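Read through the structure below, which is laid out as structure tokens, and then see the notes.
Values in this document were obtained by computation on a predicted structure and should not be read as measured data.
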Amino acid sequence: KQRYQRRVRGGWGRSLVVIDEFGKGTSHHNGVALFVAAVKHWLAMESDCPFILAATHYHSIFRQKLLPDSPILRYKTFDIGEDDIGLVYLYRVIDGYCLHSRANNVARMAGINPAIIDRADEIMELSAAQKPITGLWKCNEKHRTIAEKFLEAKFSSEQSSSEFIDWIKDFVVRGESKM
């Protein structure tokens, strides 16, 4: 908090202010509000505005056009292309801004489980449409049985804990329910 406070208050016409992920650790709405307020504060300084290099994941700032047009404000982003495999990062800085997260593409390239990425895509689509996000896991009867057994279990001793863990192993691997 103090780092950003110093940057906002201490920046002037000959300063270089570098910000990576402004608002990290805040809610999305608070982070957007803080970022926009800080940029507007600097823009109001006109000729005394510091040179600011900022990176943000708050795409809504650009989609909702929350920053004013200004001759001293420029947007830059990284150029990307697509091939039959997916995104290709071209390692070139160009004019513009990114309106969508590329996190799931990066996750795919990093070898993250496709089921996890598919669920993340689903959650992002629901969130963007402002629809309720359904349960994290699609429960089936097996999940319900495990939850019921857990709630019924008495963990009064190490032995009862071990018995429960053994039951889960048997149930998950072999589908047996002997508890």
Side-chain angles (χ1 to χ4, degrees), residues 1 3-4 7 17-36 38-39 52-67 74-151 153 155 161-177 179:
K1 292 176 188 176
R3 290 180 299 174
Y4 294 125
R7 287 183 180 106
V17 178
V18 179
I19 299 172
D20 183 26
E21 299 300 341
F22 190 98
K24 187 176 181 179
T26 66
S27 72
H28 176 81
H29 299 294
N30 288 343
V32 167
L34 289 168
F35 184 87
V36 169
V39 172
I52 303 160
L53 179 60
T56 183
H57 59 279
Y58 298 130
H59 307 287
S60 59
I61 291 170
F62 312 113
R63 278 196 300 271
Q64 296 175 18
K65 301 184 185 322
L66 298 177
L67 293 172
R74 308 249 188 322
Y75 300 105
K76 301 288 182 181
T77 189
F78 288 101
D79 198 9
I80 57 169
E82 283 196 58
D83 63 13
D84 50 338
I85 298 172
L87 283 182
V88 177
Y89 292 91
L90 302 176
Y91 302 101
R92 235 183 348 212
V93 176
I94 60 171
D95 289 334
Y97 41 80
C98 179
L99 294 174
H100 305 286
S101 173
R102 307 281 187 229
N104 286 355
N105 299 92
V106 174
R108 261 187 206 87
M109 292 167 57
I112 301 295
N113 181 326
I116 293 170
I117 297 168
D118 291 345
R119 179 61 178 156
D121 282 334
E122 181 183 346
I123 290 170
M124 284 193 301
E125 286 173 20
L126 290 169
S127 179
Q130 296 184 341
K131 292 183 178 178
I133 297 171
T134 57
L136 291 177
W137 305 106
K138 307 233 188 290
C139 284
N140 60 30
E141 198 55 41
K142 198 175 204 180
H143 297 116
R144 287 186 192 90
T145 301
I146 291 171
E148 288 167 4
K149 290 294 182 187
F150 178 78
L151 293 172
F155 295 108
S161 298
S162 296
E163 288 171 0
F164 180 75
I165 291 169
D166 290 341
W167 175 84
I168 287 180
K169 288 177 187 173
D170 287 340
F171 184 74
V172 171
V173 174
R174 297 192 241 342
E176 297 174 10
S177 177
M179 191 171 197

Grab the two heavy atoms, one from [X] and one from [Y], that are nearest each other, plus how far apart they are.
{"X": "L87", "Y": "M109", "value": "O-SD, 4.3 Å"}
{"X": "I117", "Y": "A107", "value": "CD1-C, 3.8 Å"}
{"X": "P132", "Y": "L126", "value": "O-CD1, 3.8 Å"}

Separation of [Y] [atom2] from [X] [atom1] (nearest 0.5 Å):
{"X": "F164", "Y": "F171", "atom1": "CZ", "atom2": "CZ", "answer": "10.5 Å"}
{"X": "T145", "Y": "I168", "atom1": "OG1", "atom2": "CD1", "answer": "11.5 Å"}
{"X": "F35", "Y": "H57", "atom1": "CZ", "atom2": "NE2", "answer": "10.5 Å"}
{"X": "L99", "Y": "Q64", "atom1": "CG", "atom2": "CD", "answer": "11.0 Å"}
{"X": "K142", "Y": "I146", "atom1": "NZ", "atom2": "CD1", "answer": "7.0 Å"}

Pairs involving residues 97-106, ordered by first then second residue, that meet side chain to side chain donor-acceptor pair (under 3.5 Å) (sequence neighbours left out): N104-D121
I61 and V36: CA distance, side-chain angles, deciding distance, side-chain contact (heavy atoms from CB on, under 4.5 Å) verdict: CA-CA 8 Å; I61 291 170; V36 169; 3.9 Å; yes
Under 3.5 Å, sequence neighbours excluded: what are the donor-acceptor pairs made by side chains of residues 88-95?
{"residue": "R92", "atom": "NE", "partner": "D79", "partner atom": "OD2", "Å": "3.3"}
{"residue": "R92", "atom": "NH2", "partner": "D79", "partner atom": "OD2", "Å": "2.5"}
{"residue": "D95", "atom": "OD1", "partner": "K76", "partner atom": "NZ", "Å": "2.3"}

Summary of salt bridge (charged side-chain N to carboxylate O under 4.0 Å, His left out) pairs that have at least one residue in residues 26-35, sequence neighbours excluded: none
Working for side-chain contact (heavy atoms from CB on, under 4.5 Å), residues F62 and T56: CA-CA 11 Å; F62 312 113; T56 183; 4.2 Å; yes
Whether over 12 other heavy atoms sit under 6.0 Å from H29 NE2: no
Greater than 12 external heavy atoms within 6.0 Å of Y75's OH: yes
